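Taking it in order: structure first as structure tokens, then the write-up.
Everything numeric here is computed off the predicted structure, so don't read it as measured data. So you know, we letter chains A, B, ... as the sequences are listed, proteins then strands, and number each from 1.
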Amino acid sequence: PNKAMHIGHLRNSCIGDTVARILRKNNYEVEVQNYVDDTGVQVVDTLLGLEEIDKEKPEDQPFDHFCWDIYAEINSRMKEDRELQDKEEELLRKIEERDPSVAERARSTAKRIVNAHLKTCENFNIGFDLLVWESDILEAGFWNQTFEELKNKDNFTLKDFGPQSGCWVVETDSDEFSDKVFVKSDGTATYTAKDLAYHRWKFGVMDEDFKYKEFDDPTLEKQPWSSDMEEGNEEEDFGEGDRVVNVIDISQRYPQAVLKKSLESLGYEKQAENFRHLKYAMVFLSLPTAEKLGVDIIEEKDQYSISGRRGIGITVDDLLDLITERVEEEFEGEEYEEIKEEEVDDQDIAAAAIRYHFLKYDSLKPVVFDLEDSIQVLGDTGPYLQYSYARAQGILRKAKKEEYLQEDLVVPENLEDPEAHLIKLLTLFPDKVKQCGDDLDVNTFTDYAFDLAHGFNYFYEEAPVLGSEGDRKEFRLFLVKAFSYTMKNLLDILGIIAPERI
RNA sequence: GCGCCCGUAGCUCAGCUGGAUAGAGCGCGGCCUUGCGGAGGCCGAGGUCACAGGUUCGAAUCCUGUCGGGCGCACCA
């Protein structure tokens with residue numbers, strides 16, 4: 001983290017959070033980790049920017065948004081400025097050597113930004129159990145221990161000839177992957193090497209452990225734990241998983257595949273088998289949106305990359321504000337003003353719309369985001385699900401008497417079409433949860449969510465509940481109750497607030 | 001150059017372990033409300049499933065090729 005979260009990161013967080021929820025619903029014990037890079041070139045650039053750019057942070061601007069600007073500006077300045085490039089290189093070297101003054105600054109800056117990210121995530125009901133700091137992976141000696149361990153393996157060798165001379169490499173005996181360098185000729189570990197060490201810890205085959213500390217930021221409602229080799233001391237029980245699911249964008253397909261293959265080659269066959277890279281394609285900007293953000297437009301190109309380096313992108317906070325406004329405008333009906341205090345926030349509705357949007361597409365397909373059109377609020381959307389739930393709650397509220405929900409329920413001889421249709425949809429729920437828990441395709445789940453909400457809305461329009469009599473009324477109330485229960489569960493899985501009224 | 005992914009209504013997308021007239025949302029046209037909140041429901045127009053071959057009783061779905069788009073192929077993370 002080195003700047004404000006943008007919509008590309010949000011796709012990651014929405015998918016990851018929903019996968020965690022669906023797995024929990026399938027009775028897995030799930031631990032959600034957020035990998036915090038506080039040692040790489042990106043953090044260094046932000047650090048350099050804060051140092052070199054003479055600019056005060058405006059009082060009302062969040063720190064991560066300030067860094068967004070700083071990061072873009074320093075990168076633009078560095079293009080022409082040799083002196084800055086040298087400074088960047090020096091900082092990078094110092095951070096790699098764990099020079100205390102630089103490392104500490106990197107960590108505290110990253111911490112401020114992580115905190116801002118966690119705040120942003122809270123608005124979408126996205127949370128984490130543990131923050132793992134890259135610097136702590138080094139401090140905890142994960143790589144050193146792994147290195148010693150690997151030296152005993154036959155296919156981990158020090159090359160003394162060829163282009164990889166002087167490097168320690170893993171030979172994977174595979175046509176697809178060439179031998180992968182783990183230790184460079186200058187003696188430092190590659191990213192894949194550190195990632196392998198991290199995964200040994202994840203799978204519980206590492207003797208060393210982190211120290212832990214609560215991430216005690218008063219602005220957060222729920223505190224995650226954090227690795228902390230400096231101040232941590234708690235003996236906490238993290239890692240040691242049976243399965244690992246890495247939610248990482250598809251551009252990292254190759255390094256992730258190498259990691260998996262390396263696990264296998266080095267004898268961690270079971271772990272390799274239980275390792276999964278959950279891929280998703282990137283988020284692009286539509287032509288009109290890119291144009292609005294000041295990107296140079298190329299004639300035949302209709303999608304543009306997000307680029308923090310160039311300051312091109314939309315932050316999650318800005319998007320949420322924008323959609324919240326749109327929700328306010330769209331539903332200005334004041335008829336129910338008097339019950340306003342029981343309603344959900346417009347922001348919760350906006351969050352539902354945004355979350356749903358990032359979940360509803362096949363995750364392997366690129367999303368082209370357009371500020372004007374992308375986040376819908378009507379139709380096949382998050383708020384539609386919330387609306388259906390609120391309607392059901394309305395009926396239950398009016399019916400209120402528990403006696404309608406008695407055990408000797410009489411199922412009518414002739415089910416009407418809306419009733420039968422709703423029942424059919426309701427019975428699919430357990431299978432859908434199971435299926436999604438197995439394949440982790442979250443978009444199949446949003447498809448079902450929409451069908452179910454639609455089925456209820458059809459029932460709602462065609463089959464009056466409180467207007468019917470006797471057994472039929474009880475039966476329909478039972479269906480409303482069943483729907484309400486199911487939709488609540490479903491919304492929980494999607495991380496969307498289930499409103500009593502809307 | 002090599003590898004992986006994608007191309008389905010005007011727009012955004014489901015459907016792809018082969019099976020009946022290819023489904024939704026938005027947009028467009030029409031209908032429904034003195035109420036269990038219309039942020040909704042119903043009906044309609046709109047598609048030679050990129051193109052060309054092949055396998056099959058049967059192909060949007062499987063195979064091959066062409067075109068178009070995305071992503072990779074490090075001693076970077």
Side-chain angles (χ1 to χ4, degrees), chain A residues 35 37 39-44 92 96 134 159 163-169 175-195 249-258 279 281-282 284 286 300-303 305 327 330-333 335-336 339 349 353 356-357 360-370 373-388 390-399 418 443-444 446-448 450-451 453-468 473 476-477 480 499 501-502:
Chain A
Y35 185 80
D37 175 7
T39 69
V41 63
Q42 293 182 355
V43 184
V44 161
L92 200 54
E96 217 153 90
E134 182 163 340
K159 292 273 181 183
Q164 295 174 336
S165 182
C167 301
W168 286 86
V169 305
D175 300 336
E176 203 180 337
F177 308 105
S178 52
D179 294 345
K180 178 65 194 172
V181 172
F182 269 46
V183 182
K184 304 178 223 169
S185 52
D186 67 3
T188 59
T190 60
Y191 173 78
T192 303
K194 285 181 268 184
D195 214 17
D249 80 74
I250 196 167
S251 72
Q252 305 232 31
R253 177 180 62 242
Y254 185 71
Q256 287 287 302
V258 169
K279 311 179 228 337
M282 330 192 89
F284 295 87
S286 72
E300 60 281 7
K301 212 173 141 127
D302 51 11
Q303 48 185 286
S305 295
V327 169
E330 194 80 38
F331 312 118
E332 258 176 346
E335 293 147 53
Y336 291 86
I339 54 166
I349 296 168
Y356 191 86
H357 180 264
K360 75 183 277 198
Y361 303 112
D362 181 338
S363 44
L364 287 178
K365 290 192 180 180
V367 166
V368 180
F369 186 90
D370 186 89
D373 301 336
S374 281
I375 307 296
Q376 303 283 341
V377 145
L378 303 176
D380 179 10
T381 66
Y384 178 84
L385 307 183
Q386 293 179 309
Y387 180 60
S388 71
R391 281 180 133 183
Q393 293 312 100
I395 294 176
L396 294 175
R397 207 161 36 239
K398 287 213 170 181
N443 70 307
T444 60
T446 57
D447 283 350
Y448 169 69
F450 176 74
D451 286 346
H454 179 250
F456 178 76
N457 279 329
Y458 175 55
F459 168 85
Y460 183 95
E461 302 277 349
E462 302 295 326
V465 177
L466 301 180
S468 55
K473 180 171 178 176
R476 285 181 177 173
L477 261 173
V480 175
R501 302 174 197 265
I502 190 167

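Distance from the side chain of A:F284 is smallest for B:C71 among the nucleotides B:A77, B:C71, B:C26. Closest contact between the side chain of A:R391 and the listed nucleotides B:C13, B:G70, B:G38 involves B:G38. Distances from the side chain of A:D362 to the nucleotides B:A77, B:G38, B:A14 place B:A14 closest. Of the candidates B:C75, B:C42, B:A77, B:A77 carries the atom nearest the A:Y191 side chain, counting heavy atoms from C-beta on. Of the candidates B:A14, B:G41, B:C71, B:A14 carries the atom nearest the A:N443 side chain, counting heavy atoms from C-beta on. Side-chain atoms of A:R501 lie closest to B:G37 of the nucleotides B:G37, B:G72, B:A39. The listed nucleotides are B:A77, B:A14, B:A39; the one nearest the side chain of A:D447 is B:A14. With B:C75, B:A77, B:A39 as the choices, the nucleotide that has an atom nearest any side-chain atom of A:I349 turns out to be B:A39. Closest approach to the A:Y458 side chain among B:A39, B:C42, B:C75 is made by B:C42 (side chain taken as heavy atoms from C-beta onward). Picking from B:A39, B:G37, B:A77 the nucleotide with the shortest atom distance to the side chain of A:Y460 gives B:G37.
Comparing the P positions of B:U48 and B:G37 gives an interatomic distance of 44 Å, to the nearest angstrom. Taking atom P in both B:G15 and B:G27, the straight-line distance is 23 Å, to the nearest Å.
Evaluation of atom-type donor-acceptor distances gives no pair under 3.5 Å for the side chain of A:T190 against the base of B:C75.
Across every strand in view, B:A50 sits in a pair with B:U66 that passes the Watson-Crick or G-U test at under 3.5 angstrom. Both distances falling under 3.5 Å, in either a Watson-Crick or a G-U wobble arrangement, place B:A24 opposite B:U12. Checking B:G19 for Watson-Crick or G-U wobble geometry (two distances, each under 3.5 Å) identifies B:C57 as its partner. Pairing for B:G40 goes to B:C32, judged as Watson-Crick or G-U wobble with the two contacts each under 3.5 Å. Across all strands shown, B:G3 pairs with B:C71; the Watson-Crick or G-U wobble distances both stay below 3.5 Å.
Note on A:D249: nothing from the nucleic acid sits closer than 4.0 angstrom, heavy atoms only. Here A:S251 lies in heavy-atom contact (under 4.0 Å) with sugar-phosphate atoms only. Heavy atoms of A:V465 sit under 4.0 angstrom from at least one base atom. The residue A:A257 sits apart from the nucleic acid: no heavy atom pair falls under 4.0 Å. Within 4.0 Å of A:Q386, counting heavy atoms only, lies no atom of the nucleic acid at all. Residue contacts for A:Q303: at a heavy-atom cut-off of 4.0 Å it reaches the sugar-phosphate backbone alone, with no base atom in range. A:G40 comes within 4.0 angstrom of no nucleic acid atom, judged by non-hydrogen atoms across all strands.
For A:D380 and B:A39, the CG to P distance is 18 Å, given to the nearest whole Å. One interatomic measurement links the two molecules: CG of A:D451 to P of B:G25, which rounds to 10 Å at whole-angstrom precision. As rounded to whole Å, 12 Å separates atom C1' of B:G72 from atom NZ of A:K279. For A:Y384 and B:C13, the OH to P distance is 21 Å, given to the nearest whole Å. In this structure, A:E330 places its CD atom 17 Å from P of B:G38, rounding to the nearest Å. For the pair A:N457 CG and B:G38 P, the computed distance is 9 Å after rounding to whole Å. One can place CG of A:L364 at 14 Å from P of B:C16, the figure rounded to the nearest angstrom. Put simply, CD1 on A:I375 is 17 Å from C1' on B:A39, counting in whole angstrom units.
Between the A:T190 side chain and the A:V181 main chain, a donor and an acceptor come within less than 3.5 Å of each other.
For the 3.5 Å distance criterion, the side chains of A:Y384 and A:N457 qualify, holding a donor opposite an acceptor.
RNA chain B is contacted by both A:T39 and A:P464; A:P464 maps to the nucleotide lying nearer its 5′ end (nearest heavy atom per residue).
Distance check: A:Q164 CD to A:D179 CG gives 6.0 Å after rounding to the nearest 0.5 Å. Atoms OG1 and CD, from A:T188 and A:E96 in turn, are 5.5 Å apart once rounded to the nearest 0.5 Å.
Taking the side chain as every heavy atom from C-beta outward, A:Q303 and A:M282 never approach each other to under 4.5 Å. At least one side-chain heavy atom of A:F284 sits under 4.5 Å from a side-chain heavy atom of A:S305.
The aromatic rings of A:H454 and A:Y458 sit parallel, their planes meeting at an angle under 30°, below the 60° perpendicular limit.
Note on A:K365: every side-chain N or O is 4.0 Å or more away from OP1 and OP2 of B:U12. Side-chain N/O atoms of A:H357 include none lying less than 4.0 angstrom from OP1 or OP2 on B:C26. Residue A:Y35 has no polar side-chain atom (N or O) positioned under 4.0 Å from OP1 or OP2 of B:A77.
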